[in-house]
Amino acid sequence: MEDRYPFSRIEEKWQKRWEEEGLYIVDDFDARPKYYCLEMFPYPSGKLHMGHVRNYAIGDVVARFKTMRGFAVLHPMGWDAFGLPAENAAIKHGVHPRDWTWENITFMREQLKQLGLSYDWRREFATCHPGYYQWTQWLFLQFYRHGLAYKKKAPVNWCPSCATVLANEQVVAGACERCKTPVTRRELKQWFFKITDYARRLLEDIDKLPGWPEKVKVMQENWIGRSEGALVTFPVLDHPAEIPVYTTRPDTLYGVTYMVLAPEHPLVKELTAPELKESVAEFIERAQNLSELSRTAGDAEKEGLFIGAYCENRLTGESVPVFIANYVLMEYGTGAVMGVPAHDQRDFEFARKYNLPIKVVIQPPGTELQPDAMIEAYVDEGIMANSGPFNGMGNIEGMKAVTAYLEEKGWGEYQVTYRLRDWLISRQRYWGAPIPIVYCEKCGTLPVPERDLPVLLPYDVAFKPTGESPLKDCREFVSTTCPSCGGPASRETDTMDTFICSSWYYFRYTSPREENAPWDRAKVDRWLPVDQYIGGVEHAILHLLYSRFFTKFLRDIGLVGIEEPFTNLLTQGMVLKDGAKMSKSKGNIVSPEEIMSRYGADTTRLFILFAAPPERDLEWSDQGVEGCARFLNRVWRIVNAILPEVKKAAMPKNDLVGVNRELRRLTHVTIKKVTEDIERFNFNTAISAVMELVNGIYQFCDRVPEVDRDPGALREAAQTVAVLLSPFAPHISEELWARLGYKTSVHRQPWPDYDPDLLVQEKVTVVVQINGKVRGRIMLPPAATPQEMQDEALREPRIRELLAGRTMSKVVTVPGRLVNIVVK
RNA sequence: GCCGGAGUGGCGGAAUGGCAGACGCACGGGACUUAAAAUCCCGGGGGGCCGAGGCCCCGUGUGGGUUCAACUCCCACCUCCGGCACCA
């Protein structure tokens, strides 16, 4: 008898057999109810890290469990294959991004297979394949056609050292991720997706996602950032212009004492007094050289400059000075802010710094604020004052009343504003899907006709960090003919943000080889939405928001029938070592390769599922892994040891008593517990329950002489271990299942049911409390009535002793659990 | 600052308002062994009493509260982690 589980032989054997049998292939129109289990697909960075292992181990448990519960489970895997690291590798090591990417895919696919994950590999694809990005481009055209893809000049992040633009996610704490140089801003013409058109629905429909973690929903809400207020116009004195301002506090309009424009506000030039032009221009230049990030950092000093103009507050008829200031953002609202120092902390600080008047228009209940005595703005509720007809009104009510008044006078209107900005999708990069647009001198900007897709990425390109797309230097790519007039034209050389590729991939798995459309509608209707989506919380905003946006748009144009793509979302925690996220710089990386070669896939998976619940961060422990390996060996030894005894045994009868019945009870209690725990994603406690069952089998074998053992009960226990363990440790389970004499895969078994009759204990321990403190224990049949429980408790000598001379005022009983005697 | 999440043994973690610490790690004891490893069995929150069978007190970040009963619910606060952050 082998003493240690020969994992490498067995894992290889079953992986080969599963593949030959097509165990994980699922047909699109399988008669069983559908279940779409999806894990976020990886970027092919080189090799798997523990975060991947965790993500895919979790998904695999769900997929296997749902399969055993009778669902047709779609469980696919692919590659988010476009992106910057490939291009950086090209610059650094002289490898072509395409070759680099495909090599990595080949390697990582092999690693995933070694983990024994239940993917239908026929559905695999990579987003960098023309068969995929053709449809990414096609989808771009749909956005373009519907006016949701447009080009405008916008400030972007720029690294002066690398001479390139950077994606927002490559800017870490205001500096270039690669060379740490502070990032500046540059105005460039860029492509955008008009996600702001969907702000309202993206926000409101968060309510339709009960299966998402609260945390993620809140993050999305904050990101979209809805606020209600009023748009108010302020006429400029001695000038025809009006300054529109957005405010969430129309109730404070009577307290406006100045006005501030963003430095890049279009009116600034016109309104600046001639004698101030020079200093204003200087101020603007300084502000522009700062990145938006450092300009808006919370601790940045507020700086402003009077530009020599005044505008009128129509409500009061007063004129107020116009400033420009670094803290006003052109991108939010109207790029202009009214200053109410008494009731806004920023305005208060600004007013104090520049000696602007402070006018109190909201008085706190019970007291009266004196502007000169104030040390901070008063931002809470109160009664309106110095506000003409609104004096004495509560300010909450005042917000509505003032807005209505503005609308009546034609000076302003109610408005909802979102913080969400349009999605900048163009990248001056090579390794992405080319934007399918052509520029013709005669005909202007034109979409590439659908029949001409894909716009292929050329292979021979020089990767120099010039700040412009490497495609610009590729003449064969750039020069083309105009789809309208047939004359010479040039292609757009920017590529798309890779987040676009990953915003629709979950549709593609349903029909990965479809050539005439991005997907087969019937198959999308069959499988979508994704029933369970699993991935890291770092995608809580970007990827998940973009995917929701895509789905809503696709529904609007009739390409899919669903409103939300992911019904349930599980965000797994990070894998830590020594309390910190694993990283090269910290040198605390544990490689999956090494762990798998030493312990095998089952142990690796088991540990990562056992060490913490999925949502929480997981602290890596080499000793913990050792413990899981020990456990699987323990399972291996006991099942093999009892094989001769149980191999021929039939299932146990229902009339067992004593230890044999106790063993059956444990088996069925475990089935119940594991089933419920998996459903709630409490994999760690599910595994601990199986451990308890295994411990129970050991004790049974240790204490009960063989003649007294019921082989059926023992067999049932052993095979239950194999079945319950199969989603977590698929290889060892399969091997033991086969050794128990079964010819079909354990993974094709229906999930076991428990017998409720077997859960019942003959006697249960009932705790006896006096005033809530445990003072004794009694054994009773579980069905004992409260009266019986109380009587039995009061028969206990120790309890009588403690109660002597005291008056019982009340007895609380919980059937099968406790008796609490309350005394005075 | 705002919004989330979390604070439980030496460690990872468990507990529909009902015996706090399941399960695992580490540790200690025993069995097996010439010995070690491996394995199997047993014991471990802290403190105290003891007639050795047990018994008592304290204990889930802090302070209050609700309740027969609170890790669990409510109020206030502290610490850590994550997200957003001059959003008008």
Side-chain angles (χ1 to χ4, degrees), chain A residues 3-4 213-223 225-227 229 245-249 252 260 262 293 295-302 325-329 331-340 344-347 349-350 417-421 537-538 540-541 573-574 576 579 606-607 610-613 615-628 630-631 633-634 637-638 673 682 684-692 694-695 698-699 701-703 765-777 798 809-814 816-823:
Chain A
D3 205 37
R4 311 214 90 204
E214 200 53 38
K215 175 187 178 159
V216 174
K217 291 197 279 188
V218 169
M219 279 166 77
Q220 291 214 352
E221 274 167 20
N222 292 344
W223 188 262
R226 178 183 195 270
S227 69
V245 160
Y246 174 71
T247 178
T248 54
R249 294 293 304 273
T252 64
V260 197
L293 215 95
R295 211 178 110 190
T296 58
D299 48 7
E301 176 73 15
K302 287 166 191 49
N326 58 355
Y327 73 89
V328 178
L329 308 171
E331 289 79 12
Y332 185 79
T334 61
V337 177
M338 62 187 211
V340 186
D344 181 284
Q345 188 56 28
R346 283 160 307 169
D347 296 350
E349 287 164 26
F350 194 82
T417 299
Y418 296 93
R419 204 194 68 113
L420 185 71
R421 297 181 204 174
V537 73
E538 65 272 20
I541 294 171
M574 288 185 296
L576 312 177
L606 195 74
F607 168 72
F610 177 63
E615 306 86 350
R616 275 215 237 167
D617 287 349
L618 181 154
E619 175 68 33
W620 185 266
S621 154
D622 290 331
Q623 285 160 334
V625 180
E626 200 78 50
C628 287
R630 207 143 53 204
F631 167 68
N633 279 313
R634 213 166 131 79
R637 269 191 306 273
I638 194 71
K673 168 91 174 136
N682 291 346
N684 55 333
T685 49
I687 292 165
S688 74
V690 180
M691 288 174 171
E692 287 179 80
V694 171
N695 291 345
Y698 266 89
Q699 281 177 11
C701 293
D702 187 49
R703 288 168 194 179
T765 307
V766 171
V767 170
V768 183
Q769 298 181 330
I770 294 177
N771 286 347
K773 297 210 175 212
V774 181
R775 290 295 131 119
R777 291 177 179 80
R798 171 148 185 82
S809 59
K810 190 176 175 185
V811 177
V812 180
T813 54
V814 180
R817 280 184 170 265
L818 67 74
V819 179
N820 186 15
I821 302 161
V822 187
V823 295

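Letters A, B, ... mirror the listed sequences (proteins, then strands); counts begin at 1.
One finds no side-chain N or O of R777(A) lying less than 4.0 angstrom from the OP1 or OP2 phosphate oxygen of rG54(B). Taking only side-chain nitrogens and oxygens, R419(A) never comes nearer than 4.0 Å to OP1 or OP2 of rA88(B). Distances shorter than 4.0 Å separate some side-chain N or O of Y332(A) from OP1 or OP2 on rA88(B). The side chain of Y418(A) contributes no N or O atom lying less than 4.0 Å from OP1 or OP2 of rC87(B). OP1 and OP2 of rC87(B) both lie 4.0 Å or more from every side-chain N or O belonging to R249(A). A close approach under 4.0 Å does not occur between any side-chain nitrogen or oxygen of N222(A) and OP1 or OP2 of rC2(B). For the pair K773(A) and rC58(B), the criterion of a side-chain N or O lying under 4.0 Å from OP1 or OP2 is met. OP1 or OP2 of rC56(B) has at least one side-chain nitrogen or oxygen of R775(A) nearer than 4.0 Å. Contact check, R346(A) against rC87(B): a side-chain N or O comes under 4.0 Å of OP1 or OP2.
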Please enumerate all protein N or O atoms sitting under 3.5 Å from an N or O of nucleotides 65-69 of chain B, with distances to 0.1 Å.
residue : atom : partner : partner atom : Å
rC68(B) : OP1  : K810(A) : NZ           : 3.4
rC68(B) : O2'  : N820(A) : ND2          : 3.2
rC68(B) : O2   : N820(A) : ND2          : 2.5

Would you tabulate the pairs of protein nitrogen or oxygen atoms and nucleotide nitrogen or oxygen atoms of nucleotides 23-25 of chain B closer than 3.5 angstrom?
residue : atom : partner : partner atom : Å
rG24(B) : OP1  : N695(A) : ND2          : 3.1
rC25(B) : OP1  : R630(A) : NE           : 3.2
rC25(B) : OP1  : R630(A) : NH2          : 2.7

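In terms of position along RNA chain B, the nucleotide closest to K215(A) lies nearer the 5' end than the nucleotide closest to the other residue of the pair K215(A) and Y246(A). Each of V814(A) and D347(A) lies near RNA chain B, and the nucleotide nearest V814(A) is the one positioned closer to the 5' end.
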Begin with the C-alpha distance, continue with both residues' side-chain angles, and end with the deciding distance and a verdict on ring-ring contact (aromatic ring centres under 6.0 Å, His included) for Y327(A) and F350(A). CA-CA 10 Å; Y327(A) 73 89; F350(A) 194 82; 5.6 Å; yes
Could you please spell out the steps behind the side-chain contact (heavy atoms from CB on, under 4.5 Å) verdict for E619(A) and L576(A)? CA-CA 5 Å; E619(A) 175 68 33; L576(A) 312 177; 3.8 Å; yes
Given V537(A) and E615(A), is the side-chain contact (heavy atoms from CB on, under 4.5 Å) satisfied, shown in steps? CA-CA 9 Å; V537(A) 73; E615(A) 306 86 350; over 6 Å; no
side-chain contact (heavy atoms from CB on, under 4.5 Å), that's the test. Do E626(A) and D622(A) meet it? Break it down for me. CA-CA 6 Å; E626(A) 200 78 50; D622(A) 290 331; over 6 Å; no
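Base orientation at rG44(B) is syn, since its O4'-C1' glycosidic dihedral falls within 90° of 0. Anti is the conformation of rG48(B), whose glycosidic angle sits further than 90° from 0.
Look at the C1' atom in both rC3(B) and rA85(B): the space between them is 10 Å, to the nearest Å. A distance of about 15 Å separates the P atoms of rG63(B) and rA70(B), rounded to the whole Å. If you take atom P in rG64(B) and the same atom in rG10(B), they sit 24 Å apart, rounded to whole Å. Taking atom P on both nucleotides, rU39(B) is separated from rG59(B) by 40 Å, rounded to a whole Å. For the C1' atom pair drawn from rG83(B) and rC25(B), the interatomic distance equals 33 Å after rounding to whole Å. Nucleotides rA6(B) and rU60(B) are separated by 13 Å at their C1' atoms, to the nearest Å. Between rG12(B) and rG61(B), the distance separating the two P atoms is 14 Å to the nearest Å. rA35(B) and rG44(B): their C1' atoms are spaced 28 Å apart (whole Å).
Of all nucleotides listed (rA88(B), rU39(B), rG13(B)), rA88(B) comes nearest to the side chain of V337(A). Candidate nucleotides rC41(B), rA88(B), rG13(B) were compared by shortest atom distance to the side chain of L329(A), and rA88(B) ranks first. Considering only the side chain of T765(A), rC19(B) comes nearest among rC86(B), rC19(B), rC41(B).
For the pair N820(A) (side chain) and G772(A) (backbone), a donor-acceptor distance under 3.5 Å is present. In terms of modelled atom types and a separation under 3.5 Å, the side chain of T417(A) and the main chain of S227(A) share no donor-acceptor contact. The closest donor-acceptor contact from the side chain of D344(A) to the backbone of G339(A) lies at 3.5 Å or more, if one exists at all. With hydrogens and angles ignored, the 3.5 Å screen pairs a side-chain donor or acceptor of Y698(A) with a backbone N or O of R634(A). In this structure, the side chain of D617(A) does not engage the main chain of G573(A) through any donor-acceptor pair within 3.5 Å.
For the residue pair Y246(A) and G229(A), the shortest heavy atom distance occurs at OH-N, 3.3 Å. Considering every non-hydrogen atom in both N771(A) and V823(A), the closest pair reads OD1-N, 2.9 Å. The minimum heavy-atom distance between V245(A) and M338(A), with the atom names listed, is CG1-N, 3.7 Å. Taking each heavy atom of Y332(A) and R419(A) in turn, the nearest pair found is CE1-CA, 3.8 Å. When all heavy atoms of S621(A) and F607(A) are compared, the pair lying nearest together is N-CZ, 3.6 Å. Smallest separation of non-hydrogen atoms from V328(A) and A262(A): O-CB, 3.4 Å.
For the pair D622(A) CG and rG12(B) C1', the interatomic distance rounds to 13 Å; values are reported in whole Å. Here the C1' atom of nucleotide rG1(B) and the CD atom of Q345(A) are 10 Å apart, to the nearest Å. Regarding R798(A), its CZ atom lies at a distance of 6 Å from the P atom of rC55(B), rounded to whole Å. Rounding to whole angstrom units, CH2 of residue W223(A) and P of rG83(B) are separated by 12 Å. We find that NZ of K217(A) is positioned 12 Å from P of rG5(B), with the value rounded to whole Å. What separates CD of Q699(A) from P of rC42(B) is a distance of 5 Å, to the nearest Å. Between the CD atom of E221(A) and the P atom of rG5(B) there is a distance of 12 Å, rounded to whole Å. E619(A) has its CD atom 14 Å from the C1' atom of rC81(B), to the nearest Å.
Base-pairing analysis of RNA chain B finds the following stems of at least three consecutive Watson-Crick or G-U pairs, with both pairing distances under 3.5 Å: B:1-7 with B:78-84, B:10-12 with B:23-25, B:27-31 with B:39-43, B:45-49 with B:54-58, B:61-65 with B:73-77.
No contact: R226(A) has no heavy atom under 4.0 Å from any strand. When heavy atoms are screened at a 4.0 angstrom cut-off, D617(A) is found touching the sugar-phosphate backbone but no base atom.
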